[in-house]
Amino acid sequence: MAKVVPLFSGSKGNSYYIGSTGRGILIDAGRSCKQIENAMSINGLDMRNVEAIFITHEHTDHCSALKVLASRYETKVFASKGTLSALERSGKLDKRFQTYVIENEIALNNMLVKRINTSHDANESCCYQVTTADDKKAIIATDLGIMTDEVRQGILSSDFAVIESNHDIQLLKNGIYPYYLKQRILSNRGHLSNESCSKELPDFVKSGTLRLMLGHLSRENNTPALALSPALNTLEAYKMKRNIDFTLEVAPEETNGKAVIF
């Protein structure tokens with residue numbers, strides 16, 4: 001049975017394991033190599049059993065351990081052509097590594113990994129939907145800027161979804177970030193707010209996406225309580241009850257040793 005393990009989530013780094021206890025893949029590698037190895041170990045996982053690392057985009061909080069991990073374990077790296085080019089230009093990868101462009105989807109370790117383009121201020125960013133051997137689907141959809149129809153359809157067709165709920169708008173606007181950074185985060189190529197995330201959730205539950213997780217929370221401009229509140233209020237307004245009609249959790253900033261079986 002397949003599982004998703006949120007190893008790290010948030011502005012300090014992001015990485016998710018998807019697979020079984022035996023073999024699987026990583027979506028992003030945005031902490032140090034040692035931290036990811038330790039997080040894997042806490043969950044009874046081993047980097048030597050990771051078939052490949054799929055990178056969503058070149059920002060440091062999604063790829064800081066990539067070069068060391070790919071070198072140490074000779075792990076394959078998949079990303080869009082634009083992301084691979086950006087990683088090579090920044091010295092995070094080079095010709096020595098096993099790098100592959102994912103145009104649409106690829107079969108790997110009895111799983112099908114599908115690339116879905118996202119709206120973010122990076123060089124050809126994307127997110128990934130993974131179909132497991134038992135035909136269950138999970139999607140990790142963060143760094144969205146806006147919820148595009150392509151991402152929305154990916155979530156609607158999934159059994160489990162991590163959806164970005166990055167910031168509380170008022171907390172961000174009144175916070176310490178410089179004006180240009182606030183504008184970047186609030187733009188259509190920035191990050192999805194709690195409010196924007198919450199309004200999408202009822203349609204997801206109606207469609208059968210019943211296992212939900214809020215991800216990529218900003219440490220400075222959000223809290224788990226602030227993210228959960230509008231999400232639950234919106235779902236409850238549609239008479240949908242938590243842990244009866246759906247499950248909803250917040251991805252931990254660092255692994256808590258729990259996996260989602262789907």
Output yes when a side-chain donor or acceptor of Tyr128 lies under 3.5 Å from a complementary backbone atom of Phe54, and no otherwise.
no
Residue among His57, Lys81, Arg115 satisfying side-chain hydrogen bond (donor to acceptor under 3.5 Å, both in side chains) with Glu124:
Arg115
side-chain contact (heavy atoms from CB on, under 4.5 Å), paired with Asp28, selected from Ile53, Thr56, Leu7, Leu66
Thr56
Glu51 vs Thr75, side-chain contact (heavy atoms from CB on, under 4.5 Å): CA-CA, chis, key distance, verdict:
CA-CA 7 Å; Glu51 297 277 357; Thr75 311; over 6 Å; no
Interatomic distance, CG@Leu172 vs CD@Gln183, rounded to 0.5 Å, equals 9.0 Å
Compare all side-chain heavy atoms of Thr99 with those of Phe78 and state whether any distance is below 4.5 angstrom.
no
For the SG atom of Cys127 and the NZ atom of Lys114, what is their distance to the nearest 0.5 Å?
10.0 Å
Could you tabulate the donor-acceptor pairs under 3.5 Å formed by side-chain atoms of residues 132-139, not counting sequence neighbours?
from: Thr132; atom 1: OG1; to: Asp134; atom 2: OD1; distance (Å): 2.3
from: Thr132; atom 1: OG1; to: Lys136; atom 2: N; distance (Å): 3.2
from: Thr132; atom 1: OG1; to: Lys136; atom 2: O; distance (Å): 3.3

Would you say the side-chain atoms of Arg211 and Thr247 include a donor-acceptor pair closer than 3.5 Å?
yes
Donor-acceptor under 3.5 Å (Lys182 side chain, Gly175 main chain)
yes
Could you check Arg189, His62, His59 and say which one makes a side-chain hydrogen bond (donor to acceptor under 3.5 Å, both in side chains) with Asp143?
His62
If you compare all heavy atoms of Gly190 against all heavy atoms of His120, which two are closest, and at what distance to 0.1 Å?
O-ND1, 2.7 Å
Check: residues 146-157 side-chain donor-acceptor pairs under 3.5 Å, at least two apart:
from: Thr148; atom 1: OG1; to: Val151; atom 2: N; distance (Å): 3.2
from: Asp149; atom 1: OD1; to: Arg152; atom 2: NH1; distance (Å): 2.7
from: Arg152; atom 1: NE; to: Glu200; atom 2: OE1; distance (Å): 2.9
from: Arg152; atom 1: NH2; to: Met147; atom 2: O; distance (Å): 3.3
from: Arg152; atom 1: NH2; to: Glu200; atom 2: OE2; distance (Å): 2.9
from: Ser157; atom 1: OG; to: Gln129; atom 2: NE2; distance (Å): 3.0
from: Ser157; atom 1: OG; to: Gln153; atom 2: O; distance (Å): 3.1
from: Ser157; atom 1: OG; to: Gly154; atom 2: O; distance (Å): 3.1

OG1 on Thr60 to CZ on Arg31, rounded to 0.5 Å:
13.0 Å
Residues Met47, Leu69; criterion side-chain contact (heavy atoms from CB on, under 4.5 Å); working and verdict:
CA-CA 8 Å; Met47 271 302 304; Leu69 285 174; 3.9 Å; yes
Backbone of Leu171 reached by a side-chain donor or acceptor of Asp168 within 3.5 Å
yes
Examine the side chains of Asn194 and Asn222 and answer whether a donor and an acceptor come within less than 3.5 Å of each other.
yes
Measure the spacing between CG of Asn109 and CG of Leu112 and express it to the nearest 0.5 Å.
12.0 Å
If we ignore hydrogens and angles and just use 3.5 Å, is the side chain of Ser71 paired with the main-chain N or O of Val68 as donor and acceptor?
no
Please check if the number of heavy atoms outside Ile176 that lie under 6.0 Å from its CD1 is greater than 12.
no
Using the ring centroid of each side chain, check whether His216 and His191 are separated by less than 6.0 Å.
yes
Salt-bridged, Arg242 to Glu236, with N to O below 4.0 Å?
no
Among the clusters formed by ILVMFWY side chains lying less than 4.5 Å apart, do Ile140 and Leu212 turn up in the same one?
no
Report yes or no: do Ile25 and Ile55 belong to one cluster of Ile/Leu/Val/Met/Phe/Trp/Tyr joined by side chain heavy-atom distances under 4.5 Å?
no
Would you say Pro202 and Phe246 make side-chain contact, with heavy atoms under 4.5 Å?
no
Step-by-step side chain to side chain donor-acceptor pair (under 3.5 Å) determination, Asn166 to Ser193:
CA-CA 5 Å; Asn166 177 258; Ser193 69; over 6 Å; no
Tyr238 and Lys206: CA distance, side-chain angles, deciding distance, side-chain contact (heavy atoms from CB on, under 4.5 Å) verdict
CA-CA 10 Å; Tyr238 283 82; Lys206 288 178 187 177; 3.8 Å; yes
Could you state whether Leu45 and Leu26 fall into the same hydrophobic cluster, counting links through intermediate Ile, Leu, Val, Met, Phe, Trp or Tyr residues with side-chain heavy atoms under 4.5 angstrom apart?
yes
For a side-chain contact (heavy atoms from CB on, under 4.5 Å) check, start with the C-alpha distance between Ser125 and Asn117, then their side-chain angles and the critical distance, and finish with the verdict.
CA-CA 6 Å; Ser125 64; Asn117 295 325; over 6 Å; no
With rounding to the nearest 0.5 Å, note down the distance linking CZ in Phe204 to CG in Leu210.
12.5 Å
Between Tyr17 and Ser20, is there a donor-acceptor pair closer than 3.5 Å when you use the side chain of the first and the backbone of the second?
yes
Minimum heavy-atom separation for Tyr16 to Ala251, with atom names?
OH-CB, 3.8 Å
Polar side-chain atom of Asn123 near backbone of Gly82 as donor-acceptor pair, under 3.5 Å:
yes
Is there a path of hydrophobic side-chain contacts, each under 4.5 Å between heavy atoms of I/L/V/M/F/W/Y residues, joining Leu201 to Leu144?
yes
Please report the shortest heavy-atom distance between Ala227 and Leu217, naming the atom on each side.
CB-CD2, 3.9 Å
Which atom of Ser9 lies closest to which atom of Asn14, heavy atoms considered
CA-OD1, 3.4 Å
With a 4.0 Å cut-off, would you call Asp121 and Arg184 a salt bridge?
yes
Taking Ala86's backbone N and O only, do any of them form a donor-acceptor pair with Ser90's side chain (distance below 3.5 Å, no angle check)?
yes
To check you understand the geometry: which heavy-atom pair defines the closest contact between Gly91 and Lys67, and what is its length?
O-NZ, 3.0 Å
Heavy-atom check, side chain of Phe160 versus side chain of Val4, under 4.5 Å:
yes
Shortest non-hydrogen contact between Lys199 and Thr234, atoms and distance
CA-CG2, 4.4 Å
Would you check, one step at a time, whether the test side chain to side chain donor-acceptor pair (under 3.5 Å) holds for Gln35 with Ser32?
CA-CA 5 Å; Gln35 286 175 312; Ser32 72; 3.2 Å; yes
Could you tell me whether the side chain of Glu164 and the main chain of Leu192 form a donor-acceptor pair under 3.5 Å?
yes
Set out, in order, the CA-CA distance, both residues' side-chain angles and the distance that settles salt bridge (charged side-chain N to carboxylate O under 4.0 Å, His left out) for Glu37 and Arg72, then state yes or no.
CA-CA 11 Å; Glu37 288 173 332; Arg72 178 173 297 178; 2.9 Å; yes
My understanding is that only one of Glu254, Glu253, Glu220 makes a salt bridge (Lys or Arg N to Asp or Glu O under 4.0 Å) with Lys12; could you say which?
Glu220
Between the side chain of Ser119 and the main-chain N/O of Asn188, is any donor-acceptor distance below 3.5 Å?
yes
Between Ser229 (side chain) and Leu226 (backbone), is there a donor-acceptor pair under 3.5 Å?
no
How long is the gap from OG on Ser15 to CD1 on Ile27, to the nearest 0.5 Å?
9.0 Å
When you group the ILVMFWY residues by side-chain heavy-atom contacts below 4.5 Å and let the links chain together, are Ile106 and Tyr100 in the same group?
yes
